[in-house]
Amino acid sequence: MIKQSKKQMLMLAAIASIGLSAPSAFAQVNDVVVAGKGEIPYVIDARNVVARSGTGLCWRTGYWSPAAASTAMAGEFPVGCACDKDIVPADKCTVKAAAAVPAPKPTADKVKLSADALFDFDKAVLKAEGKAKLDQLAAQAKSLKLEVILAVGHTDRLGSNAYNQRLSERRAAAVKTYLVSKGVDANRVYTEGKGETQPVTGNKCDKVGGRAAQISCLQPDRRVEVEVIGSK
């Protein structure tokens with residue numbers, strides 16, 4: 001902080017030299033309060049307010065230079081922003097916008113669970129081992145800012161189309177019910193049944209004889225696909 005006696009000397013020196021600042025400062029009428037530290041390029045009073053001429057120009061001191069006007073601070077901006085706008089770079093006299101923080105990108109994890117691992121054959125009641133797998137999914141969902149969980153049931157081609165459609169829907173619904181029981185928001189879980197319409201075995205089981213052998217061959221078609229979408 002500059003002592004009062006020094007301030008008075010600077011005032012006299014500035015008046016004697018008539019070190020007026022640039023005419024662009026004429027329109028500035030508000031008090032400019034400087035930090036009061038370092039080399040201050042303008043005359044200041046006991047309040048650290050920059051002294052002005054009768055026409056509103058800031059009185060410069062012997063310390064004045066474009067660099068000093070750009071570095072001595074008056075609030076969040078250099079003092080020269082108020083007294084010498086035509087000299088101080090404009091980017092130093094404007095509030096810089098904060099860098100935008102990118103929003104977290106949603107993650108999507110799709111898990112294919114064997115329906116035989118979740119349910120007994122031709123059933124829609126979850127087995128103990130199926131519940132264990134869904135416990136892992138529920139824990140995963142809780143670690144995310146969850147957007148949605150999609151549970152889609154599928155069956156093999158054994159049985160009628162209508163029966164398989166209902167079975168796939170019941171299995172998807174059973175998955176939702178269990179996830180909700182583990183704390184997942186019911187409004188975040190959507191279910192759908194595809195019946196036998198989206199097999200993954202293709203035609204590789206066409207020539208397999210015997211029901212037991214076909215059931216075994218078509219096992220990959222019996223599945224529930226669960227997609228967890230959210231951001232970390």
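In this structure, the side chain of Thr155 engages the main chain of Gly195 through a donor-acceptor pair within 3.5 Å. With Arg171 contributing its side chain and Leu126 its backbone, the two residues share no donor-acceptor pair below 3.5 Å. For the pair Ser216 (side chain) and Ala212 (backbone), a donor-acceptor distance under 3.5 Å is absent. Asp221 places a side-chain N or O within 3.5 Å of a backbone atom of Val200 that can act as its donor or acceptor partner. Judged purely by atom type and a 3.5 angstrom limit, Lys176 uses its side chain to pair as donor or acceptor with the backbone of Val189.
Counting non-hydrogen atoms of other residues, nucleotides and ligands closer than 6.0 Å to CZ of Phe121 gives a total above 12. Around the NZ atom of Lys123, the shell of radius 6.0 Å holds no more than 12 heavy atoms that belong to other residues, nucleotides or ligands.
Within the 4.5 Å cutoff, the side chain of Val224 has heavy atoms near those of the Phe119 side chain. The shortest side-chain heavy-atom distance between Val226 and Ile149 falls under the 4.5 Å cut-off.
A salt bridge between Lys131 and Glu129 is absent, with no side-chain N of the basic residue lying under 4.0 Å from a carboxylate O of the acidic one. A salt bridge is absent between Arg223 and Asp116; no separation between the charged side-chain nitrogens and carboxylate oxygens falls under 4.0 Å. A salt bridge links Arg157 and Asp206; the closest N-O separation between the charged side-chain nitrogens and carboxylate oxygens is under 4.0 Å.
When the side chains of ILVMFWY residues are joined at heavy-atom separations under 4.5 Å, either directly or via intervening members, Val228 and Val184 end up in a single hydrophobic cluster.
A search for side chain to side chain donor-acceptor pair (under 3.5 Å) contacts involving Thr71 returns nothing, not counting sequence neighbours. Residues passing the side chain to side chain donor-acceptor pair (under 3.5 Å) test with Asp135 are Tyr178, sequence neighbours excluded.
Other residues sharing a hydrophobic cluster with Val88 under the 4.5 Å side-chain heavy-atom criterion for ILVMFWY residues do not exist; the residue is a singleton.
In summary, the side chains of Tyr42 and Trp64 do present a donor paired with an acceptor at a separation below 3.5 Å, with no hydrogens or angles considered. In this structure, a donor-acceptor pair under 3.5 Å is absent between the side chains of Glu169 and Thr191.
The shortest heavy-atom contact between Cys217 and Val208 is SG-CG2, 4.0 Å. In terms of heavy atoms, Asn164 sits closest to Asp156 at ND2-O, 3.2 Å.
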